[in-house]
Amino acid sequence: QVQLVESGGGLVQAGGSLRLSCAASGRTFSMYALGWFRQAPGKEREFVAAISGSGGSTYYADSVKGRFTISRDNAKNTVYLQMTSLKPEDTAVYYCARRRVSGDYYSTSNYGYWGQGTQVTVSS
């Protein structure tokens, strides 16, 4: 079984920072790309960022580019999302997910395992 557990969410003021973590239980962690998605109330789940298995390639949604940074530590089976310059529109539940064998990095359908999510709330 593959289990993904997110942590690090919370309440912050606009302009603040948070770092989210996702710990994975799988023994082949480094073989798979990982992504972060988010879902706000009443809206569909959307892509935020992704990183290749080795950590050599990263991908970002236009809305977070320049503000968020995704990284991974394969020795710790953990992927991170460093969020800076947070805006109220970043408020959402953030999910960590493991990508399938292939496919683009942006579609939810290309990810087979999901964490439970962690709430991020940004006040104005």
[X] side chain to [Y] backbone, donor-acceptor under 3.5 Å:
{"X": "Q116", "Y": "V5", "answer": "no"}
{"X": "N74", "Y": "G53", "answer": "yes"}
{"X": "Q13", "Y": "S123", "answer": "no"}

Heavy-atom closest contact ([X] atom, [Y] atom, distance):
{"X": "Y105", "Y": "Y111", "answer": "O-OH, 2.7 Å"}
{"X": "S21", "Y": "T78", "answer": "CB-CG2, 4.4 Å"}
{"X": "I51", "Y": "R72", "answer": "O-NH1, 3.7 Å"}
{"X": "Y94", "Y": "M83", "answer": "CE2-SD, 3.9 Å"}
{"X": "Q3", "Y": "S25", "answer": "N-OG, 2.8 Å"}
{"X": "L20", "Y": "G9", "answer": "CD2-N, 3.6 Å"}

To the nearest 0.5 angstrom, please state how far the [atom1] atom of [X] sits from the [atom2] atom of [Y].
{"X": "Y106", "Y": "E46", "atom1": "OH", "atom2": "CD", "value": "14.5 Å"}
{"X": "S63", "Y": "F68", "atom1": "OG", "atom2": "CZ", "value": "7.5 Å"}
{"X": "I70", "Y": "Q82", "atom1": "CD1", "atom2": "CD", "value": "12.0 Å"}
{"X": "R19", "Y": "T84", "atom1": "CZ", "atom2": "OG1", "value": "13.5 Å"}
{"X": "W114", "Y": "Y95", "atom1": "CH2", "atom2": "OH", "value": "9.0 Å"}
{"X": "S107", "Y": "R100", "atom1": "OG", "atom2": "CZ", "value": "11.5 Å"}

K65/D62 ion pair, N-O < 4.0 Å: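 So K65 pairs with D62 through a salt bridge.
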Take R38 and V64 through the side chain to side chain contact (heavy atoms under 4.5 Å, CB included) test and state the conclusion after the steps. CA-CA 12 Å; R38 66 188 183 187; V64 307; 3.9 Å; yes
Beyond-backbone contact of [X] with [Y], side-chain heavy atoms, under 4.5 angstrom:
{"X": "Y80", "Y": "C22", "answer": "no"}
{"X": "R67", "Y": "D90", "answer": "yes"}
{"X": "Q119", "Y": "T91", "answer": "yes"}
{"X": "S17", "Y": "V12", "answer": "no"}

ILVMFWY network linking V93 to L86, side-chain heavy atoms under 4.5 angstrom: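 Unlinked, V93 and L86 end up in two clusters.
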So if you build clusters from Ile, Leu, Val, Met, Phe, Trp, Tyr with side-chain heavy-atom gaps below 4.5 Å, do W36 and F47 land together?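 No; tracing contacts between hydrophobic side chains, which count when under 4.5 Å, never links both residues.
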Where do T69 and Y60 land on the side chain to side chain contact (heavy atoms under 4.5 Å, CB included) test, with the steps shown first? CA-CA 8 Å; T69 301; Y60 297 95; 3.8 Å; yes
Atom CD of E89: over 12 foreign heavy atoms under 6.0 Å: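 Enclosed.
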